[in-house]
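Contents: one structure, followed by commentary.
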Amino acid sequence: MTDASPIVRLRQLRLDRGGRAVLRDIDLDVARGSVVAVLGPSGSGKSTLLSALTGELEPTAGTVEVLGRPVPRVQRELLELRKSIGVLLQGNGLLTDLTVAENVGLPLRTHTDLPPAVLRRLVLMKLHAVGLQAAAEAMPRELSGGMARRVALARALALDPPLMIYDEPLTGLDPIASGVVMSLVRRLNDTLGLTSIVVTHHVHETLPIADHAIVIASGGIVFSGTPVALQASTDPLVRQFLDGQPDGPIPFDNRTFAGAPARQETA
Ligand code: ADP
Ligand code: MG
């Protein structure tokens, strides 16, 4: 495995939910060190795609490789892989009766035998990375929405995962907090040498920090290219999503499957 190999490699992937295909014929390479935006309307299958990367959902067809190897099906190996993937889910998932520092330290206490003083240092370093070292002893209820999101981010970073995945990291945040979180995603990616996959329907907040964007609609990838190429796209499916038009080729009731083959567009 060389550093030039993609950190995530999907080939002819099909993912089903509730007995029907949510995504079909997905091919995707995620380059190491990049920030990739996964965009698409609500219900298009963005979270479903992430669940294949963490091994939570088994593909119906095709292959999923993460960090140079197929996502294992053996539970013990799967738990090992998950330590290498930092996940920030829509709800922050902070435990309300633990302090900020205790929340961030949770993965370290679960997965390592580090002495308390070392653990404490690591926790403070992670909090420093998100600009919240001063909030170490605060309780989650004392935090603003943006601060809570950053604490959850620090916790996702606790085990130094090379790959970060964010599922709708801006939900419920005001524009200022959204800007802070998105620039943090980019800065952490670059300073810690991570790769980041950001799933979102917040196009305008996400594209400025992304190296690569894909748009999911109608069960497939309808665009794959640079943010600049995405903005310039004339594809009706892409335009409908970017411009927020209610009427267009994307069926907003996702039970009616468009059945159009996924198209790829590169810059
Ligand atoms: P997104 O994250 O893009 O909003 P999801 O990946 O959550 O979309 O969902 C994609 C489709 O799969 C939706 O039509 C949703 O209703 C369906 N779906 C998601 N999870 C389940 C599930 N556990 N069982 C059945 N259908 C599901
Ligand atoms: Mg989702």
Side-chain angles (χ1 to χ4, degrees), residues 8 10 12-28 30 35-62 64 66 71 73 78 82 85-93 145 148-149 152-153 156 163-173 178 181-182 185 196-207 210 212-224 227 230 235 237-246 248-264:
V8 169
L10 310 178
Q12 287 301 298
L13 181 64
R14 175 179 163 148
L15 297 170
D16 288 8
R17 287 278 202 201
R20 67 178 186 94
V22 172
L23 295 170
R24 296 184 300 195
D25 303 326
I26 301 292
D27 290 324
L28 179 68
V30 174
V35 174
V36 176
V38 177
L39 307 167
S42 177
S44 58
K46 303 182 297 298
S47 297
T48 300
L49 187 66
L50 291 186
S51 63
L53 304 186
T54 57
E56 186 203 320
L57 179 64
E58 209 168 323
T60 316
V64 182
V66 177
V71 170
R73 305 267 50 111
L78 197 52
R82 285 185 185 151
I85 308 177
V87 181
L88 187 67
L89 293 178
Q90 202 164 318
N92 299 321
R149 197 66 44 90
L153 178 44
L163 175 63
M164 285 292 294
I165 62 184
Y166 300 88
D167 196 353
E168 303 285 3
L170 302 184
T171 299
L173 300 186
S178 293
V181 167
M182 284 326 259
V185 167
S196 304
I197 300 176
V198 185
V199 158
T200 182
H201 62 274
H202 290 89
V203 182
H204 304 290
E205 295 83 347
T206 310
L207 284 187
H212 191 92
I214 68 169
V215 177
I216 294 180
S218 301
I221 294 178
V222 296
F223 175 91
S224 178
L230 176 58
D235 183 302
L237 276 171
V238 172
R239 289 281 27 128
Q240 185 196 350
F241 170 64
L242 288 185
D243 304 338
Q245 299 154 3
I250 303 173
F252 276 92
D253 180 347
N254 273 275
R255 281 164 302 183
T256 56
F257 208 81
R263 280 165 291 169
Q264 294 272 351

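All ligand and atom numbering here is 1-based and tracks the order in the structure.
Those atoms of ligand 1 with a heavy atom of T48 less than 4.0 angstrom away are 5 (P), 6 (O), 9 (O), 10 (C). Atoms of ligand 1 lying under 4.0 Å from any heavy atom of G18, numbered from 1 in the order shown and given with element: 25 (C). Heavy-atom proximity to S42, at under 4.0 Å, picks out these atoms of ligand 1: 4 (O). Atoms of ligand 1 found under 4.0 Å from any heavy atom of G45 (numbered from 1 in listed order, with element): 1 (P), 3 (O), 5 (P), 6 (O), 8 (O), 10 (C).
The closest donor-acceptor contact from the side chain of R73 to the backbone of G55 lies under 3.5 Å. When atom types are taken as modelled, the side chain of E168 and the backbone of H201 share a donor-acceptor pair closer than 3.5 angstrom. Not a single donor-acceptor pair under 3.5 Å links the side chain of R149 to the backbone N or O of S178.
When the heavy-atom distances from atom 19 (C) of ligand 1 to H201, R17, Q90 are ranked, the shortest goes to R17. Closest heavy-atom approach to atom 1 (P) of ligand 1 within the set P41, A21, G43: this belongs to G43.
For the pair T200 and Y166, the minimum side-chain heavy-atom distance is 4.5 Å or more.
The side-chain contact (heavy atoms from CB on, under 4.5 Å) test with V87 singles out one residue from L163, L53, L50, T54, and that residue is T54. When each of V199, V198, L230, V222 is tested with L39 by the rule side-chain contact (heavy atoms from CB on, under 4.5 Å), just one qualifies, namely L230.
Counting heavy atoms under 4.0 Å from ligand 1, residue R20 touches it through the side chain alone.
On a distance-only criterion, V22 and ligand 1 share no N/O pair closer than 3.5 Å.
One distance of note links NE2 of H212 with CG of L28; it measures 6.5 Å at 0.5 Å rounding.
The nearest pair of heavy atoms linking L153 to M164 is CD1-CE, 3.7 Å.
Coordination check, Q90 versus the Mg ion (ligand 2): failed, since every N/O/S atom of the residue sits at 2.8 Å or beyond.
Residue contact check for ligand 1: G40 places no non-hydrogen atom closer than 4.0 Å to it. Residue-ligand proximity: S51 is placed with every non-hydrogen atom at 4.0 Å or more from ligand 1.
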